[in-house]
Amino acid sequence: MVRVWWVPTAIFCAALASALTLPQAGALAEERLRLVPHFFQGETLRYHYDLRTETTSQSSGPIVNPESSHALKLTVNALVRLDVLRVEVESDAGAPRVRLRATYEKSVVDAQTDAFDPGQPDLQDQYRKLEGRSIEFTLQPGGSVSDIAGLEEILPNEAAANSVRGWLAGLTQGAELPRGGIAVGQKWSAERPVETAPLTGLVWKAESTYLRNEACHPGASSANPASAATSAVESCAIILTRFRIDARHVPRDPTPAEYRRNGLRTFGKWTGTGESLTAISLRTGFVLSVTQSGTEDMDVTIASATATARMRYAGKIKTQSQINLVPAAPATER
């Protein structure tokens with residue numbers, strides 16, 4: 001029997017970009033801010049990343065492994081260095097196109113299951129391989145991440161690779177806000193296909209609100225307590241995003257093309273909700289912190305085209321994640 005472990009798609013939806021709509025008419029008529037990240041070639045940033053997931057699942061099929069895991073707890077703790085390789089300014093004076101290199105300076109992983117499962121990918125080994133390795137990607141003017149190089153060599157497991165793609169996008173939310181700028185109290189929406197589910201037609205819908213401005217208090221200051229005092233003099237835009245999976249446009253046969261090519265059919269349901277709170281520097285446009293939580297429930301059946309063999313997978317994934325910009329040490333400490 002094929003064992004299926006999906007890395008939750010809700011973990012990193014702080015960057016549900018790609019399809020930002022126009023601001024709602026009810027936005028407050030205040031001065032609008034354009035929080036575009038100000039990248040400079042040769043610049044270096046560091047982000048601290050914590051992820052915790054709890055997965056409970058059950059599966060059934062023609063071959064059942066009685067030792068199959070029904071619970072997985074995964075914790076990932078990483079320190080990532082971002083080097084700005086190239087900045088290309090667009091002629092229309094919009095956000096630039098930026099080429100970045102992400103290097104995993106630290107990657108500590110702990111995965112606990114309630115039973116040994118030889119069919120489960122070795123997630124600990126997958127994430128440990130990240131330490132000391134680099135990937136490159138391009139941040140497009142609209143905020144999307146493209147041209148990722150080197151990821152497949154480090155993480156051949158597609159689920160783990162998808163999670164990395166997602167959090168890279170989460171660092172660039174400042175580039176994904178409405179082009180006309182935002183004002184306190186303004187609301188806007190976004191939607192994006194759920195790309196990792198074995199069902200087509202599912203869409204993540206997000207509703208964001210620019211709550212307020214407040215003194216920046218990056219959570220990463222715990223790694224450098226002396227930075228807390230200096231961070232208080234900087235102001236941040238606080239943005240709340242609530243998101244959910246919308247299944248209204250799921251077709252009668254939601255089987256993805258890849259499954260069809262292999263003579264399979266898929267059906268079932270996939271739901272999810274969550275929210276994130278993002279702090280973006282008013283001075284630099286950089287994301288200083290993203291706190292996110294989410295839950296996904298799935299009950300999916302994968303069957304042969306003749307329906308003579310099928311496997312059902314049902315599960316629930318709870319996630320919590322935190323991304324923080326690590327304050328640069330004062331010059332005297334370098």
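Hydrogens, waters and symmetry mates play no part in the numbers below; they use all other heavy atoms, side chains included.
Taking CG of L100 as the start and CG of L85 as the end, the distance is 6.5 Å to the nearest 0.5 Å. Between T209 atom OG1 and I238 atom CD1 the span is 13.0 Å, to the nearest 0.5 Å. One finds the OG1 atom of T295 at 10.0 Å from the CD atom of E54 (value rounded to the nearest 0.5 Å). We find the CG-OG1 distance between L240 and T278 to be 8.5 Å, quoted to the nearest 0.5 Å. To the nearest 0.5 Å, atom CG of residue L79 and atom NE2 of residue H48 are 6.5 Å apart. Expressed to the nearest 0.5 Å, how far CG of L282 lies from OG of S235 amounts to 5.5 Å.
Linking Ile, Leu, Val, Met, Phe, Trp and Tyr whenever their side-chain heavy atoms come within less than 4.5 Å puts I323 and I148 in one cluster. Residues I239 and L33 are members of one and the same hydrophobic cluster, defined by side-chain heavy-atom contacts under 4.5 angstrom among Ile, Leu, Val, Met, Phe, Trp and Tyr. Note on F267 and M298: separate hydrophobic clusters, where clusters join Ile, Leu, Val, Met, Phe, Trp and Tyr whose side-chain heavy atoms are under 4.5 Å apart, directly or indirectly.
We find that E191 and K205 are joined by a salt bridge, their nearest charged nitrogen and carboxylate oxygen being less than 4.0 Å apart. Between E88 and R86 a salt bridge is recorded (basic side-chain N to carboxylate O distance below 4.0 Å). We find that R81 and E105 are joined by a salt bridge, their nearest charged nitrogen and carboxylate oxygen being less than 4.0 Å apart. Using a cutoff of 4.0 Å between basic side-chain nitrogens and carboxylate oxygens, R99 and E136 are scored as salt-bridged.
Residues L199 and P256 come closest through the heavy atom pair N-CG, 4.0 Å. L72 and A111 get closest at one heavy-atom pair: CD1-CB, 4.2 Å. Looking at every heavy atom in both residues, A303 comes nearest to R310 through CB-CB, 3.7 Å. Between L130 and S107, the shortest heavy-atom contact is CB-OG, 4.1 Å. Heavy-atom minimum distance, H38 versus G285: CD2-N, 4.4 Å. The two residues R212 and V184 have their closest heavy-atom pair at CA-CG1, 4.2 Å.
Evaluated for a side-chain hydrogen bond (donor to acceptor under 3.5 Å, both in side chains) with D299, the options K269, R312, K316 yield exactly one hit, R312.
Open room surrounds CZ on R242; 12 or fewer heavy atoms of other groups in view lie less than 6.0 Å from it.
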I would like to know whether I245 and V194 meet side-chain contact (heavy atoms from CB on, under 4.5 Å); could you show each step before the answer? CA-CA 8 Å; I245 291 180; V194 179; 4.3 Å; yes
Residue pair K106, E131: steps toward the side-chain contact (heavy atoms from CB on, under 4.5 Å) verdict: CA-CA 5 Å; K106 180 180 74 172; E131 191 163 305; 4.3 Å; yes
Carefully, step by step, assess E207 and R244 under the rule side-chain contact (heavy atoms from CB on, under 4.5 Å). CA-CA 9 Å; E207 296 289 339; R244 61 182 175 82; over 6 Å; no
Take T200 and L202, measure what side-chain contact (heavy atoms from CB on, under 4.5 Å) needs, and give me the verdict at the end. CA-CA 6 Å; T200 60; L202 297 174; over 6 Å; no
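Here the side chains of V87 and F40 are not in contact, with every heavy-atom distance at 4.5 Å or above. The shortest distance between side-chain heavy atoms of V84 and R101 does not fall below 4.5 Å. Looking at T301 and T266, their side chains never come closer than 4.5 Å, going by heavy atoms from C-beta outward. Residues R52 and K318 form no side-chain contact, since every pair of their non-hydrogen atoms from C-beta on lies 4.5 Å or further apart. Using a 4.5 Å heavy-atom cutoff, the side chains of W270 and E296 are in contact.
Side-chain contact check for S281 and E234: at least one donor-acceptor pair (N or O, by modelled atom type) lies under 3.5 Å. For the residue pair Q322/T291, the side-chain donor-acceptor check at 3.5 Å is satisfied. When only modelled atom types and interatomic distance are considered, D83 and T44 share a side-chain donor-acceptor pair under 3.5 Å.
Distance alone, capped at 3.5 Å, places no donor-acceptor pair between the N262 side chain and the L264 backbone. The backbone N or O of F286 lies less than 3.5 Å from a partner atom in the side chain of T284, making a donor-acceptor pair. No donor-acceptor distance shorter than 3.5 angstrom exists from the side chain of T75 to the backbone of V109, with no hydrogens or angles considered. In this structure, D253 contributes its side chain and T255 its backbone to a donor-acceptor pair below 3.5 Å. With hydrogens and angles disregarded, a donor-acceptor distance shorter than 3.5 Å links the side chain of Y47 to the backbone of V287.
Ring orientation note: the planes of F243 and W204 are nearly perpendicular, at an angle over 60° on the 30°/60° scale.
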